[in-house]
Number of protein chains: 2
Amino acid sequence: MKLTSKGRYAVMALTDLALYYKNGPVSLRDISLRQNISLLYLEQIFLKLRKYKIVESIRGTKGGYRLNRKASDIRLSEILSAVDENVKTVRCIKHLKKGCNGKSIKCNTHKLWDELDGHINSFFEKKLLSDLAHKNDLEKRF
Amino acid sequence: MKLTSKGRYAVMALTDLALYYKNGPVSLRDISLRQNISLLYLEQIFLKLRKYKIVESIRGTKGGYRLNRKASDIRLSEILSAVDENVKTVRCIKHLKKGCNGKSIKCNTHKLWDELDGHINSFFEKKLLSDLAHKNDLEKRF
DNA sequence: CTCAAAGTTGACTAAATCAGTCGGGAATGT
DNA sequence: ACATTCCCGACTGATTTAGTCAACTTTGAG
């Protein structure tokens, strides 16, 4: 499976964004400072998030990002697939080519990884950004 | 998460072993041929499987490996942790050190990755080697 | 009692991936 | 005008992965 710091950062950054964007767009600089993530790296990440319509950008001074939808309409699976491409444990295409005919051991395990993918994906599909961003987290920190 | 071809190969190889070891130990050479996995790579993998008491080895001519327990007593989680070390999605220790006090956004996501770990681990704990190794797979192939 | 077949082990390496940086833009509010 | 912000492609060092190599020990068979 592919679950890198890019995905982790994306979730952290969007959780931050979800908490702060009510008072206007949030700049990556702010997120960078609060979450301790490299600004330049965040730029890369948000580029992708924007392409996937998860956030929208406002340029210029006082610009930044805001969520494109309500936090309760954003599944974590979307976030992860936006930044990390697909959440696929194994790409068994090689084996398929070698004649994975549905009856061999290769296919037994193949099926296993497919099940795993489904298992993980359903986890992230059930989780919403709003599940992570709670107002009271803000208050407790300041 | 760490789920590499080592883990995949280990599961494939052990499934193979589970099917064949009734007629005496199975050599890595045979597994290598049947499953199309590099012999030298298999050696590495089985070294670890032996250390974790999942298989036992018989040296010399006509030697090979056999399962140390019944296939129905071997959880996939054991196999994977034997070859790939731990199935940990993220090691948040860095963040912990930076003062992850249970109230910040970092911890919200931290909790998420812990949940995910639990979710994945329970998947592999429920799966037994015997779930993959069915006799009829053999017959169908020859 | 020799030889070939098997496991044992540590070191090594090419290729890929990851995490992050750099430099130079373009837009825009003040 | 100009600082602040997003935009974007190219680059890079470090790490990990997948796999190889070489040299060894053990043991069954002839």
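Owing to the predicted nature of the structure, the values given are computational and were not obtained by experimental measurement. Residue numbers begin at 1 in each chain, while the letters A, B, ... track the order of the sequences.
- Taking OG of B:Ser130 as the reference point, atom CG of B:Leu67 lies at 10.5 Å (rounded to 0.5 Å).
- Between the CG atom of A:Leu49 and the P atom of D:dC7 there is a distance of 11 Å, rounded to whole Å.
- OP1 or OP2 of C:dA19 lies within a sub-4.0 Å distance of a side-chain N or O belonging to A:Thr4.
- If you check C:dG7, C:dG20, C:dT9 against the side chain of B:Arg50, the one that comes closest is C:dT9.
- Side-chain atoms of A:His119 do not come within 3.5 Å of backbone N or O of B:Ile120 as any donor-acceptor pair.
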Could you list all N or O pairs between the protein and nucleotides 28-30 of chain D that sit under 3.5 Å apart?
unit_1	atom_1	unit_2	atom_2	d
D:dG28	N3	B:Thr61	OG1	3.4

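- Rounded to the nearest 0.5 Å, atoms CG (A:Leu17) and CD1 (A:Ile31) are 5.0 Å apart.
- Across the protein-nucleic acid pair, B:Leu40 atom CG and C:dC12 atom P stand 17 Å apart, rounded to whole Å.
- Between the P atom of D:dC6 and the CG atom of A:Leu17 lies a distance of 10 Å, rounded to the nearest Å.
- The aromatic rings of B:Tyr9 and B:Tyr41 lie perpendicular to each other, with more than 60° between the two planes, well past the 30° mark.
- In this structure, B:Phe123 and A:Leu112 have side chains that are in contact, with non-hydrogen atoms separated by less than 4.5 Å.
- Looking at A:Glu43, its side chain comes within 3.5 Å of the base of D:dC7 through a donor and an acceptor atom.
- Side chain of A:Ser38, nearest nucleotide from C:dA6, C:dC18, C:dG20: C:dG20.
- Counted within 6.0 Å of CZ on A:Arg69, heavy atoms from surrounding residues, nucleotides or ligands total more than 12; the atom is thus considered enclosed.
- The CZ-P distance, from A:Arg66 to D:dT5, rounds to 15 Å in whole Å.
- We find that CG of B:Leu28 is positioned 15 Å from P of D:dG19, with the value rounded to whole Å.
- Residue A:Ser27 places its side chain closer to D:dT5 than to any other of D:dT17, D:dT5, D:dC7.
- To the nearest 0.5 angstrom, A:Ser27 atom OG is 10.0 Å from A:Leu42 atom CG.
- Contacts of B:Tyr65 with the nucleic acid, taken as non-hydrogen atoms under 4.0 Å apart, involve only primed sugar atoms and P, OP1 or OP2.
- Between C:dC18 and A:Ser5, no contact under 4.0 Å exists linking OP1 or OP2 to a side-chain N or O.
- Summarising the geometry, the separation between OH on B:Tyr21 and C1' on C:dA6 is reported as 20 Å, rounded to the nearest angstrom.
- Residue B:Tyr9 places at least one side-chain N or O under 4.0 Å from the OP1 or OP2 atom of D:dG19.
- Side-chain atoms of B:Tyr41 lie closest to D:dT20 of the nucleotides D:dC8, D:dT20, C:dG7.
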Give each protein N/O atom lying under 3.5 Å from an N/O atom of nucleotides 9-15 of chain D, with the pair distance.
none

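- Note: A:Ile79 CD1 to A:Met12 CE = 13.0 Å, rounded to the nearest 0.5 Å.
- Here the side chains of B:Val55 and B:Arg66 are not in contact, with every heavy-atom distance at 4.5 Å or above.
- Put simply, NZ on A:Lys48 is 15 Å from P on D:dC7, counting in whole angstrom units.
- Residues B:Leu129 and B:Ile54 form no side-chain contact, since every pair of their non-hydrogen atoms from C-beta on lies 4.5 Å or further apart.
- The CG-C1' distance, from B:Leu39 to D:dA22, rounds to 14 Å in whole Å.
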